[in-house]
Asker: 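The structure that follows is given in the form of structure tokens.
Residue numbers start at 1 and run along the sequence shown.
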Amino acid sequence: MNEQLRGQVRQRAHDRCEYCGMPQHALPYLVLHVDHIIAKQHVDEASDDLESLAWACSECNSFKGTDIAAHPPGSDEIVPLFNPRTVAWKDHFFWEGAVLRGKTPIGFATIELLRTNQRERVDHRQLLMQLGLWT
């Protein structure tokens, strides 16, 4: 992937993880990644076009891996994971302090799979909010 495309993905996301909202400036020791929303192994003609890519922090990218669907907690249903190119973030998630909450099965399943509310991640967001760095 060329640097121009990587820069376009980053700019479109306003330098924030498109899944959990972590701003790059809050992770100076880590680099955010370009995520293939649907991993190349799941599509016949995968591409690196802008519409198939998302900006993701290392935690979200790592926990998501190549998954494209998950079970909402307490359900046998399988739902697609949140796709920042096809649905609005605010339709599936909301913040309750430093804890990310789901509004829909897609939101619940994505939060669970990406482990967005692990204690360390919540504590990190809480500290950033207290310091005024969660902007």
Asker: Per the salt bridge (Lys or Arg N to Asp or Glu O under 4.0 Å) rule, what does the pair list look like for residues 126-135, sequence neighbours excluded?
Answerer: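 Listed once each, the pairs would be none.
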
Asker: For side-chain contact (heavy atoms from CB on, under 4.5 Å), just list the numbers for Leu5 and Val34, CA-CA rounded to whole Å, side-chain angles, deciding distance to a tenth of an Å, and then say yes or no.
Answerer: CA-CA 9 Å; Leu5 180 58; Val34 174; over 6 Å; no

Asker: I want to check something: taking the side chain as every heavy atom from C-beta on, are His25 and Asp15 in contact at a cut-off of under 4.5 Å?
Answerer: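 SC-SC contact between His25 and Asp15 ruled out.
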
Asker: From Ile111 CD1 over to His92 NE2, what is the distance, rounded to the nearest 0.5 angstrom?
Answerer: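 Rounded to the nearest 0.5 Å, the CD1-NE2 separation comes out at 11.0 Å.
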
Asker: Flag yes if Leu133 and Val122 sit in one hydrophobic cluster, no otherwise; membership is Ile, Leu, Val, Met, Phe, Trp, Tyr, and two members link when side-chain heavy atoms are under 4.5 Å apart.
Answerer: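 No; Val122 is not reachable from Leu133 via cluster members.
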
Asker: Would you be so kind as to tabulate the donor-acceptor pairs closer than 3.5 Å made by side chains of residues 93-100, with sequence neighbours excluded?
Answerer:
from: Glu96; atom 1: OE2; to: Arg101; atom 2: NE; distance (Å): 3.2
from: Glu96; atom 1: OE2; to: Arg101; atom 2: NH2; distance (Å): 3.1

Asker: Give every residue pair that meets the ring pair (Phe, Tyr, Trp, His ring centres under 6.0 Å) criterion with at least one member in residues 101-129, sequence neighbours excluded.
Answerer: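 Every pair satisfying ring pair (Phe, Tyr, Trp, His ring centres under 6.0 Å) with a residue in residues 101-129: there are none.
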
Asker: For the atom pair CG (Leu50) and CD (Gln8), what is the distance rounded to the nearest 0.5 Å?
Answerer: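 Answer rounded to 0.5 Å: 5.5 Å.
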
Asker: Which residues pass the side-chain contact (heavy atoms from CB on, under 4.5 Å) test with Glu120, sequence neighbours left out?
Answerer: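 Glu120: side-chain contact (heavy atoms from CB on, under 4.5 Å) contacts with Gln118.
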
Asker: Would a 4.5 Å heavy-atom cut-off, applied to side chains only, mark Arg121 and Cys57 as touching?
Answerer: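 They are in side-chain contact.
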
Asker: Test question: given the 4.5 Å side-chain rule for I, L, V, M, F, W and Y, name all other residues clustered with Ile78, or answer none.
Answerer: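 Same cluster as Ile78: nobody, lone residue.
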
Asker: Which atom names give the shortest non-hydrogen contact between Pro23 and Trp134, and what distance separates them?
Answerer: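 Of all heavy-atom pairs spanning Pro23 and Trp134, the closest is CD-CZ3, 3.5 Å.
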
Asker: Any side-chain heavy atom of Lys103 sitting closer than 4.5 Å to one from Asp91?
Answerer: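 Heavy-atom side-chain distance check fails, nothing below 4.5 Å.
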
Asker: Going by side-chain contact (heavy atoms from CB on, under 4.5 Å), name the residues that satisfy it together with His14, two or more places apart in sequence or in a different chain.
Answerer: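 By the side-chain contact (heavy atoms from CB on, under 4.5 Å) rule, His14 matches no residue at all.
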
Asker: Please tabulate, for side-chain N and O atoms in residues 65-73, each donor-acceptor pair with protein atoms closer than 3.5 Å (sequence neighbours left out).
Answerer:
from: His71; atom 1: ND1; to: Asp76; atom 2: O; distance (Å): 3.3
from: His71; atom 1: ND1; to: Glu77; atom 2: O; distance (Å): 2.9

Asker: List the steps, then state whether side-chain contact (heavy atoms from CB on, under 4.5 Å) holds for Leu127 with Asp123.
Answerer: CA-CA 6 Å; Leu127 178 62; Asp123 289 347; over 6 Å; no

Asker: Going by the rule side chain to side chain donor-acceptor pair (under 3.5 Å), which residues pair with Ser75 if we only count those two or more places apart in sequence or in a different chain?
Answerer: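 For Ser75, no residue satisfies side chain to side chain donor-acceptor pair (under 3.5 Å) once neighbours in sequence are set aside.
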
Asker: Test of understanding: with side chain to side chain donor-acceptor pair (under 3.5 Å), list the residues that count as partners of Asn117, not counting sequence neighbours.
Answerer: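 For Asn117 the side chain to side chain donor-acceptor pair (under 3.5 Å) partners, ignoring immediate neighbours, are Arg125.
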
Asker: When rounded to the nearest 0.5 angstrom, what distance separates OH in Tyr19 from CG in Leu113?
Answerer: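 Interatomic distance, Tyr19 OH to Leu113 CG, rounded to 0.5 Å: 10.5 Å.
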
Asker: Who pairs with Phe63 by ring pair (Phe, Tyr, Trp, His ring centres under 6.0 Å), at least two apart in sequence or on another chain?
Answerer: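 Phe63 satisfies ring pair (Phe, Tyr, Trp, His ring centres under 6.0 Å) with no other residue.
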
Asker: Please check if the side chain of Lys64 supplies one atom and the backbone of Ile37 the other of a donor-acceptor pair under 3.5 Å.
Answerer: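 Yes: the side chain of Lys64 pairs with the backbone of Ile37.
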
Asker: Under a 4.5 Å cut-off applied to non-hydrogen side-chain atoms, are Trp55 and Cys17 in contact?
Answerer: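 No, every pair of side-chain atoms sits at 4.5 Å or beyond.
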
Asker: How would you list, by chain and number, every residue that makes a side-chain contact (heavy atoms from CB on, under 4.5 Å) with His33, sequence neighbours excluded?
Answerer: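 For His33 the side-chain contact (heavy atoms from CB on, under 4.5 Å) partners, ignoring immediate neighbours, are Ser58, Asn61.
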
Asker: Could you walk me through whether Leu53 and His36 satisfy the side-chain contact (heavy atoms from CB on, under 4.5 Å) test, starting with their C-alpha distance in whole Å, then the side-chain angles of each, then the deciding distance to 0.1 Å, before giving a yes or no?
Answerer: CA-CA 5 Å; Leu53 305 172; His36 285 85; 3.5 Å; yes

Asker: In Å, rounded to the nearest 0.5 Å, how long is the span from CG of Leu32 to SG of Cys60?
Answerer: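 So the CG of Leu32 and the SG of Cys60 are separated by 9.0 Å.
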
Asker: Do Thr110 side-chain atoms and Phe82 backbone N/O form a donor-acceptor pair below 3.5 Å?
Answerer: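 Side chain of Thr110 to backbone of Phe82, a donor-acceptor pair under 3.5 Å: yes, one is there.
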
Asker: Is there a side-chain contact between Ser52 and Ile38, using heavy atoms and a 4.5 Å cut-off?
Answerer: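 Side-chain contact under 4.5 Å: no.
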
Asker: Give every residue pair that meets the side chain to side chain donor-acceptor pair (under 3.5 Å) criterion with at least one member in residues 79-88, sequence neighbours excluded.
Answerer: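 Residue pairs passing side chain to side chain donor-acceptor pair (under 3.5 Å), neighbours aside: Glu18-Arg85.
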
